[in-house]
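Just so it is clear, the structure is predicted and the values come from calculations on it, not from any experiment. Below, chains carry the letters A, B, ... as their sequence lines are ordered, and counting in each starts from 1. Computed over heavy atoms, backbone and side chain alike; hydrogens, waters and symmetry mates excluded.
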Amino acid sequence: GPAGTSPGISALGVKGCPRCAWIWALGLRRHILLPQEHFKVDCISFSCPFFAVYQVFESVAKKYDVMNDSMTLGIHRVWKDILMRKMNPSPGTLLLDVAGGTGDIAFRFINYVHSAQERQLQQKLKNHQNLSWQEISESYQEDKFKLLGDSQVVVCDINKEMLKVGKQKAQHLGYSEGLSWVLGNAEELPFDDNKFDVYTIAFGIRNVTRIDLALEEAYRVLKPGGRFLCLEFSHVSNPLLSRLYDLYSFQVIPVLGEVIAGDWKSYQYLVESIRRFPPQEELKAMIEDAGFLKVDYQNLNSGIVAIHSGFKL
Amino acid sequence: TGRSLMPRSAGVQGRSRLPALPVSCRIGPSEGCYQLYPGHIPTSPLQKALLAAGSAFMALYDPYRHDMVAVLGETTGCLALPSLRDKMKHHPEGYRILQERPRIRLSTLDMSKLQGLPDGSLGREYVRFLEDNKVSPDTRMPPKFVDDEELAYVIQRYREVHDLMHTLLGMPTNMLGEVVVKWFEAVQTGLPMCVLGAAFGPVRLSARKLQVLATELIPWAIRSGRNANCILNIYYEQRWEQPVESLREEIGIFPPPAIRV
């Protein structure tokens, strides 16, 4: 019968499982699964759970982060960091991150607020230097339980799979407090009026059918004084850079989509949707139409990406 | 680039001739604008090169990405596929296959009839192979990046005939069996993807299996591959009743070595 029905056991892994043998050959010993983690999957004679996961591989959600890193060569992380610095949230902020399925913005927000809170705490402790040891440790205990200082982020996404990936990431990275996950449509948000301090939408507004409705909803759910922030691909005016960017977008990105995610068409669509999206000034006008004031934008990397900002005053 | 991507063999009449469907011309540079068959994705030469490199890497990095092996075959087959098609055209049975475009899939196979055939016949052994190894003929990927509709059929036929190769060579679908079949196919078709698979496949095998492979199985696969007629020139669907032994002799495949694979 087929080899591998009783896989040999070696000190390092399972001989006979091609995947684990290959991983071992590549030197990634950490990733080898133990014999008891292997099971028989119908169409090949021996297997491990990675194969089962792979079968669901087609869904974009699971490859979303990897694809982002590959397409932008990791630069998307810098863009999101810049967005967070621009937001500069203080402890106690309530953030709504729309189309934020896998949680990149939410996690950055929590980190930012956490470190701001810790700095505040340290400042407070420095000012309490004449207290007794007991009093200091008591005050530290109280503050430890609200390290986030009542800051909260609500992640809203229309896609269940994306939310699932986000929740798994949160668990894996150890984020638990101050985080909620809501299934919802940007054009019709399931929230009351005047609720949030900040509204962000990072690389999501491009996929909304009626951008004007999404902007109106953003205006509605923000508190007076609240801020709207949009991070999105935009238009490059520099002609040479524009040609290179086009070449990269149309020639390389769909190939990356096929090789990494097995999905050429979605990434071809993505590149085309970027070209169809309104340029900086037009988007600024649309944001103003929704009622926002002091609307402005900041180009990153010569306009490949732009951060639009507006206030509900 | 403005290159015409219409198929050259416009004179061949076939039942499954597919009309060229225009899709919206892309704003982006240098791609053919016409979809030649359902599932066809027109690609520029640069994209094909990137796909070939990327799929080769990914197929080695993650052995379960069978779709990458398929993509590698399509993007590197630009010399081997036309030569295979010509071999088919110049052979009476192969020419008929090119005209009639038969497909091997569950919907076209009469499984109960094949199971009822006597032991040792091609149909019975093929069904036994599918059941033993729990595979289905419907898992073959349709071609996407071949820019010629007839060549797309040739590669599709090659993929669908792969399971029959397993049956004729008597090789199961474990790693060792797949490598042996790849060696045979590499000699037969000259497809770079087969050559790469044959060369890199053995890397993951144990020393004992490698020894068996090198001393007995590969020499036999090579000898059979060189001696045999082109495997794509057999109209398998009309030979289900033929005994496997007799078909092997007819094609020119030597009897498999008596080793438990």
Would you say CD of A/Q298 has more than 12 non-hydrogen atoms from neighbouring residues, nucleotides or ligands within 6.0 angstrom? yes

CD1 of A/I260 to CE of B/M68: how many Å apart, nearest 0.5 Å? 9.5 Å

Taking atom CG of A/L241 as the centre, does the number of heavy atoms from other residues, nucleotides or ligands within less than 6.0 Å exceed 12? yes

Under 4.5 Å from any heavy atom of chain A, what part of B/I41 do you find: side chain, backbone, both or neither? side chain

Check whether more than 12 heavy atoms from other residues, nucleotides or ligands sit under 6.0 Å from atom NZ of A/K169, and answer yes or no. yes

If you draw a 6.0 Å radius around CZ in A/R243, do more than 12 non-hydrogen atoms from other residues or ligands fall strictly inside? no

Taking every non-hydrogen atom, the tightest pair across A/E258 and B/V71: OE2-CG2, 3.6 Å

I'd like to check B/L51 versus A/W264 (side-chain heavy atoms, cut-off strictly below 4.5 Å). Are they in contact? yes

Tell me whether B/E131 at atom CD has more than 12 heavy atoms from other residues, nucleotides or ligands lying less than 6.0 Å away. yes

For A/V271, is it the side chain, the backbone, both, or neither that has a heavy atom closer than 4.5 Å to a heavy atom of chain B? neither

For B/Q47 and A/F250, work out which heavy atoms get closest and say how close. NE2-O, 2.7 Å

